[in-house]
Protein chains: 2
Amino acid sequence: MSQRHIDVSVLAVRACPVAEVIDHVSGRWTVGILTTAAQGPVRFVELERTVRGISRRMLTLKLRQLERDGLLTRTVFPTVPPRVEYTLTEIAEELLETLQGLTAWATRHRGTVAAARAAYDRARNAGGNGDDALVPQAT
Amino acid sequence: MSQRHIDVSVLAVRACPVAEVIDHVSGRWTVGILTTAAQGPVRFVELERTVRGISRRMLTLKLRQLERDGLLTRTVFPTVPPRVEYTLTEIAEELLETLQGLTAWATRHRGTVAAARAAYDRARNAGGNGDDALVPQAT
DNA sequence: CTGCATCCGAATTGATACTG
DNA sequence: CAGTATCAATTCGGATGCAG
């Protein structure tokens, strides 16, 4: 989610690291892009195909963001047609590992969350669209 | 994030847990709300004061979302004036712990990321506003 | 005190045509 | 292939005002 976040406080007086990470990682596509790139060097089209649903525009934008943050390395091969490969940097790989903790948590409590939602929705009449209601992003 | 996310694939064929977590946790306020609530039962106003910058509207929205996901417990005391307390559920506490891994990562590589950004921005002339640029504001 | 509802500008994202 | 440019559709989020 990009930095529209001006105020990040909450956890610490100084810039909060968590907020920063969350900001880097959150967003619909980031994790998907990183995990795909983790398999080895990937090309633009591969990402476009693998990260289902992402638009060309978003992919480009996210790719640039990740590159800027030092999570992805972009290599251009002066061939024709052009060939560009993206690779994870070391810190990105570390990040991905760390992320596994979250994966574990999610997996472990998937059922609990689902149940909670069902209960909540059932509680107030027929409401709830089954999906995430009331939303916001993102972050 | 929020469920505008219809397609979550990428990591697995089945619903991707990571995407779900990211979706729950991401967003400007969630982590702040959770960490505040972690200190013990908190009231609406306390959150409003502690989570700097959040609007009443957003706070309410997020609180509901968290409650629905089973991360927060909402207790209403039939007093007058009304008193409502929010408490973390067990899974939320676990989540918060897991999140510390990210905090660590962020802290560890804070400098690296900063440097990467600086380099990136410097590379393409005067660009970069120092913040997350991903959105090259016009002009 | 809590918190839902509405108005409305701001930011994000998607779709698509176009270029090197 | 790998993007960029542009336009339109959503969605987000802040500011009230009102109610239990």
Side-chain angles (χ1 to χ4, degrees), chain A residues 1-7 23 26-30 32-33 37 41-67 72 74-86 124-125 127 129 131-139, chain B residues 1-7 23 26-30 32-33 37 41-68 72 74-86 124 127 129 131-139:
Chain A
M1 270 78 305
S2 19
Q3 183 67 31
R4 49 187 182 221
H5 306 186
I6 295 172
D7 174 18
D23 232 53
S26 70
R28 204 149 79 181
W29 316 112
T30 314
I33 294 175
V42 275
R43 303 182 55 173
F44 191 88
V45 211
E46 297 187 74
L47 285 165
E48 198 172 8
R49 279 197 307 262
T50 310
V51 184
R52 304 261 168 168
I54 193 171
S55 64
R56 184 164 303 177
R57 179 190 142 83
M58 259 2 272
L59 180 56
T60 302
L61 250 32
K62 288 305 182 184
L63 245 24
R64 294 284 167 282
Q65 182 188 6
L66 260 16
E67 189 194 348
L72 278 184
R74 180 167 175 273
T75 313
V76 183
F77 296 84
T79 61
V80 44
R83 174 197 189 77
V84 179
E85 288 187 348
Y86 292 90
R124 40 225 78 196
N125 96 72
N129 49 16
D131 248 279
D132 228 318
L134 99 97
V135 74
Q137 0 283 275
T139 294
Chain B
M1 312 157 212
S2 10
Q3 183 65 34
R4 49 202 174 194
H5 309 188
I6 294 172
D7 173 17
D23 232 53
S26 70
R28 191 145 104 185
W29 317 111
T30 314
I33 293 175
V42 275
R43 302 183 54 176
F44 191 88
V45 211
E46 298 186 75
L47 285 165
E48 197 170 8
R49 280 197 308 262
T50 310
V51 184
R52 303 261 168 169
I54 192 170
S55 64
R56 185 165 300 175
R57 177 189 142 86
M58 268 351 285
L59 181 55
T60 301
L61 249 35
K62 287 305 185 180
L63 245 24
R64 294 288 162 280
Q65 183 187 2
L66 260 15
E67 189 194 346
R68 189 171 105 102
L72 278 184
R74 179 166 176 274
T75 313
V76 182
F77 296 83
T79 61
V80 45
R83 174 197 188 77
V84 179
E85 288 187 348
Y86 293 90
R124 37 227 82 196
N129 51 15
D131 251 16
D132 232 318
L134 165 54
V135 182
Q137 44 285 301
T139 308

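Naming convention: chains lettered A, B, ... in sequence-line order (proteins, then strands); numbering from 1 in each chain.
- Applying the side-chain hydrogen bond (donor to acceptor under 3.5 Å, both in side chains) criterion to B:Arg74, with sequence neighbours excluded, gives B:Tyr86.
- An OP1 or OP2 oxygen of D:dG3 is reached within less than 4.0 angstrom by a side-chain nitrogen or oxygen of A:Tyr86.
- Each of D:dG14, D:dG3, C:dT2 was ranked by its minimum atom distance to the side chain of B:Arg43; first place goes to C:dT2.
- Rounded to a whole Å, the CG atom of B:Leu66 is 13 Å from the P atom of C:dG3.
- Scanning for salt bridge (Lys or Arg N to Asp or Glu O under 4.0 Å) contacts around B:Arg49 gives an empty result, with sequence neighbours left out.
- Contact between the side-chain N/O atoms of A:Arg74 and the OP1/OP2 oxygens of D:dG3 is found at a separation under 4.0 Å.
- For the pair B:Leu59/B:Trp29, no side-chain contact is recorded, criterion being any heavy-atom separation below 4.5 Å from C-beta on.
- B:Arg57 meets the side-chain hydrogen bond (donor to acceptor under 3.5 Å, both in side chains) test with no other residue; sequence neighbours excluded.
- Per the geometry, CG belonging to B:Leu59 stands 13 Å off C1' belonging to C:dC4, to the nearest Å.
- One atom, CD of A:Glu46, and another, P of D:dG3, lie 13 Å apart when rounded to the nearest Å.
- When distances are taken from the side chain of B:Arg28 to each of C:dG14, D:dG14, C:dG3, the shortest belongs to D:dG14.
- Taking atom CG of A:Leu61 as the reference point, atom C1' of D:dT6 lies 14 Å away to the nearest angstrom.
- Look at CD1 on A:Ile54: it is 13 Å from C1' on C:dT12, rounded to the nearest Å.
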- Sugar-phosphate or base contact per nucleotide [nucleotides 15-20 of chain C; S, B, -; heavy atom under 4.0 Å]: B----B
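- D:dT11 atom P lies 15 Å from atom CE of A:Met58, rounded to whole Å.
- Applying the side-chain hydrogen bond (donor to acceptor under 3.5 Å, both in side chains) test to B:Glu46 and every residue at least two apart in sequence or in another chain returns nothing.
- Rounded to 10°, the helix from C:dC1-D:dG20 to C:dG20-D:dC1 has 40° between the axis fitted to its first five pairs and the one fitted to its last five.
- Between A:Arg49 and D:dC1 there is no side-chain polar atom (N or O) within less than 4.0 angstrom of OP1 or OP2.
- Between the C1' atom of C:dT2 and the CD atom of B:Glu85 lies a distance of 13 Å, rounded to the nearest Å.
- The CD atom of B:Glu48 sits 16 Å away from the P atom of D:dG13 (whole-angstrom rounding).
- Scanning for side-chain hydrogen bond (donor to acceptor under 3.5 Å, both in side chains) contacts around B:Arg43 gives an empty result, with sequence neighbours left out.
- B:Arg64 has a side-chain polar atom (N or O) that falls below the 4.0 Å cut-off from OP1 or OP2 of C:dG3.
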- Quick one: do B:Ile33 and B:Thr50 satisfy side-chain contact (heavy atoms from CB on, under 4.5 Å)? Show the steps, please. CA-CA 8 Å; B:Ile33 293 175; B:Thr50 310; over 6 Å; no
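- Considering only heavy atoms from C-beta on, A:Val51 comes within 4.5 Å of A:Ile54 through its side chain.
- The side-chain contact (heavy atoms from CB on, under 4.5 Å) test applied to B:Pro41 returns B:Glu85, B:Thr87, not counting sequence neighbours.
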